Student: 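Just dropping this structure here.
Just so we're on the same page: letters track the sequence lines, and every chain starts at 1. Because the structure is a prediction, the values reported are computed rather than measured. Just so it is clear, the values below take in all heavy atoms, side chains as well, and ignore hydrogens, waters and symmetry mates.
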2 protein chains.
Amino acid sequence: MRTLKYAILGLMNQKQMTGYDLTKQFESTLNEFWHAKHSQIYPELKKLTEEGLIEYHTEISGSSLKKKVYSITENGKKDLHTWLLKSVPLTHTPKDEFRLKVFFFSNLKTEEELMHLQTQLSQHEDRLQHLRQNMKKFSNIPEKSTDEFGDYLVLLGAIMREETNCEWLKKCIELINCN
Amino acid sequence: MRTLKYAILGLMNQKQMTGYDLTKQFESTLNEFWHAKHSQIYPELKKLTEEGLIEYHTEISGSSLKKKVYSITENGKKDLHTWLLKSVPLTHTPKDEFRLKVFFFSNLKTEEELMHLQTQLSQHEDRLQHLRQNMKKFSNIPEKSTDEFGDYLVLLGAIMREETNCEWLKKCIELINCN
DNA sequence: ATTTGCATGTAATCTGTTACATGATTCA
DNA sequence: TGAATCATGTAACAGATTACATGCAAAT
């Protein structure tokens with residue numbers, strides 16, 4: 001389905017970028033719903049250039065460091081828009097190794113189960129705190145039709161999701177303690 | 001990380017099964033946190049047999065239909081238990097094509113955004129209803145240390161997750177309408 | 001008889017990760 | 001001057017999907 005392609009086109013549609021900039025975006029802003037390593041990004045940029053959806057010019061940083069600054073072409077914008085309009089089929093629930101272990105909990109002792117749950121809970125609480133920190137960049141709800149509005153919506157979703165993860169883990173701990 | 005391996009060992013530890021039975025389990029019970037197609041399962045069964053973690057005997061259904069009934073070996077049980085004890089690192093938030101589109105919403109018209117959100121919402125509401133239906137098989141909370149208890153915990157988690165998905169989608173619709 | 005479900009496999013392809021590999025720039 | 005960061009790429013491998021391929025059994 002070439003989803004990485006559209007993630008890149010979408011970002012490039014906001015502003016021109018190098019492969020390195022893209023990599024940073026996947027590590028930060030997009031982190032809650034998409035990610036990719038540079039080893040996947042550079043070959044994809046090459047492919048998109050060959051397909052005429054993006055193009056680049058070379059800039060020199062300092063005295064000799066070359067970087068390729070990519071921007072989206074008209075064809076790229078068309079392709080992105082077509083993808084954005086296409087309806088999204090409900091996909092498989094994502095794979096989750098922790099829940100798989102919980103499913104097989106009957107093979108563990110109660111202390112072992114609680115240890116797993118508590119470790120997981122504290123990790124998710126950290127992530128939740130981090131997300132709430134990110135949310136502070138929005139002093140108020142951004143205007144619809146700005147790039148910030150989409151950013152706000154997905155961040156809101158990420159926070160709600162983490163809150164539920166934490167609630168579920170607490171509920172599991174409670175059920176194990178009171179059974 | 002060979003997670004499929006452990007999913008299979010875990011199921012095989014509950015009872016002996018054919019590749020076909022496993023495939024059905026991935027489509028039903030495990031569906032909310034793991035899945036695999038038969039084309040991935042059969043080669044894995046072959047590999048696990050070579051590794052001595054499972055073994056099989058052949059049974060005949062009807063007059064000539066052969067099936068391989070697999071069961072876990074002592075080595076397989078040990079390996080499974082080691083995996084169950086190992087702590088689970090917090091993984092990347094799963095990839096989500098729909099949220100990626102929401103992030104790029106500024107490129108769409110309000111009606112197009114609402115159409116996407118409403119379609120997604122009704123699909124998640126259907127899934128939620130289906131999960132609640134599944135929950136009815138538990139007339140009360142299963143005993144800790146039974147296989148059903150793990151099943152109950154993950155189903156509870158799946159329901160909570162879907163409820164939050166629906167809430168988030170409703171919130172997005174509301175924010176778009178009142179902005 | 002035909003369709004649906006039971007049952008098992010392989011081949012080609014796509015997607016993604018880890019590791020390998022190199023070199024410039026900036027800041028402490 | 002050494003470490004962190006900027007910057008770009010390839011190779012090998014692992015994980016997963018789609019399509020190809022076959023045949024029996026049960027129910028309608």
Student: So if I apply the ring-ring contact (aromatic ring centres under 6.0 Å, His included) rule between A:Phe103 and each of B:Tyr6, B:Phe149, B:Phe33, B:Phe26, which one comes out positive?
Tutor: B:Phe33
Student: Can you get from A:Val69 to A:Tyr20 by hopping between Ile, Leu, Val, Met, Phe, Trp and Tyr side chains that sit under 4.5 Å apart?
Tutor: no
Student: Using C1' atoms of five pairs at each end, report the bend of the helix from C:dA1-D:dT28 to C:dA28-D:dT1 rounded to 10 degrees.
Tutor: 30°
Student: Between A:Met1 and A:Ser63, name the one whose nearest nucleotide on DNA chain C is closer to the 5' end.
Tutor: A:Met1
Student: Please answer: with hydrophobic residues joined when any side-chain heavy atoms are less than 4.5 Å apart, are B:Met115 and B:Leu100 in the same cluster?
Tutor: no
Student: Is A:Lys46 close enough to D:dT10 that one of its side-chain N or O atoms is under 4.0 Å from OP1 or OP2 there?
Tutor: yes
Student: Tell me, which of residues 65-73 of chain B have any heavy atom that sits under 4.0 Å from an atom in DNA chain C?
Tutor: B:Leu65, B:Lys67, B:Lys68
Student: Does the side chain of A:Thr18 come within less than 4.5 Å of A:Lys68's, by heavy atoms?
Tutor: no
Student: Here's a test of your reading of the structure: between A:Lys47 and B:His38, which maps to the more 5' nucleotide of DNA chain C?
Tutor: B:His38
Student: Hey, does B:Thr18 reach any base, or is it just sugar-phosphate, or nothing, if we go heavy atoms under 4.0 Å?
Tutor: sugar-phosphate
Student: Rounded to whole Å, please give me the gap between NZ in A:Lys24 and C1' in D:dT5.
Tutor: 7 Å
Student: By the 4.0 Å heavy-atom rule, please label B:His35 as base, sugar-phosphate, or nothing.
Tutor: sugar-phosphate
Student: Can you tell me the distance, in whole Å, between the OH atom of A:Tyr20 and the P atom of D:dA4?
Tutor: 13 Å
Student: Measure the distance from CZ on B:Arg2 to C1' on D:dA16 and round it to the nearest whole Å.
Tutor: 14 Å
Student: Between D:dT17 atom C1' and B:Ile41 atom CD1, what is the distance in whole Å?
Tutor: 13 Å
Student: Within this structure, what is the NE2-to-P distance between A:His92 and D:dA16, rounded to whole angstrom?
Tutor: 12 Å
Student: Atom CG of B:Leu4 and atom C1' of D:dA16: how far apart are they, to the nearest Å?
Tutor: 10 Å
Student: Measure the distance from OH on B:Tyr42 to C1' on D:dT17 and round it to the nearest whole Å.
Tutor: 17 Å
Student: Please report the C-alpha distance between B:Asp79 and B:Lys5 in whole Å, then the side-chain angles of each, then the deciding distance to 0.1 Å, and finally whether the salt bridge (charged side-chain N to carboxylate O under 4.0 Å, His left out) criterion is met.
Tutor: CA-CA 10 Å; B:Asp79 201 345; B:Lys5 164 183 163 178; 3.0 Å; yes
Student: To the nearest Å, how far apart are A:Leu22 CG and D:dT8 C1'?
Tutor: 13 Å
Student: Using a 4.0 Å heavy-atom cut-off, does B:Ser61 contact any base of the nucleic acid, only the sugar-phosphate backbone, or nothing at all?
Tutor: sugar-phosphate
Student: Kindly write out the residues that satisfy salt bridge (Lys or Arg N to Asp or Glu O under 4.0 Å) with A:Glu113, not counting sequence neighbours, or none if the list is empty.
Tutor: none
Student: Indicate, with yes or no, if B:Leu22 and B:Leu65 share a hydrophobic cluster defined by side-chain heavy-atom contacts under 4.5 Å among Ile, Leu, Val, Met, Phe, Trp and Tyr.
Tutor: no
Student: Please answer: with hydrophobic residues joined when any side-chain heavy atoms are less than 4.5 Å apart, are B:Phe138 and A:Phe105 in the same cluster?
Tutor: yes
Student: Would you mind classifying the nucleic acid contact of A:Lys5 as base, sugar-phosphate or nothing, using non-hydrogen atoms under 4.0 angstrom?
Tutor: nothing
Student: Sequence neighbours excluded, which residues qualify as side chain to side chain contact (heavy atoms under 4.5 Å, CB included) partners of B:Lys46?
Tutor: B:Glu50
Student: What are the bounds, 5' to 3', of the part of DNA chain C that sits under 4.0 Å from heavy atoms of chain A?
Tutor: C:dT15 to C:dT25
Student: Nearest 0.5 angstrom please: A:Gln14 CD to A:Met17 CE, how far?
Tutor: 6.5 Å
Student: Identify, with sequence neighbours excluded, every residue that meets side chain to side chain donor-acceptor pair (under 3.5 Å) alongside A:Asn13.
Tutor: B:Asn107
Student: Between A:Glu27 and A:Lys37, does any NZ, NE, NH1 or NH2 come within less than 4.0 Å of an OD or OE carboxylate oxygen?
Tutor: no
Student: Is there, by distance only and without an angle test, a donor paired with an acceptor across the side chain of B:Ser39 and the base of D:dT18 below 3.5 Å?
Tutor: yes
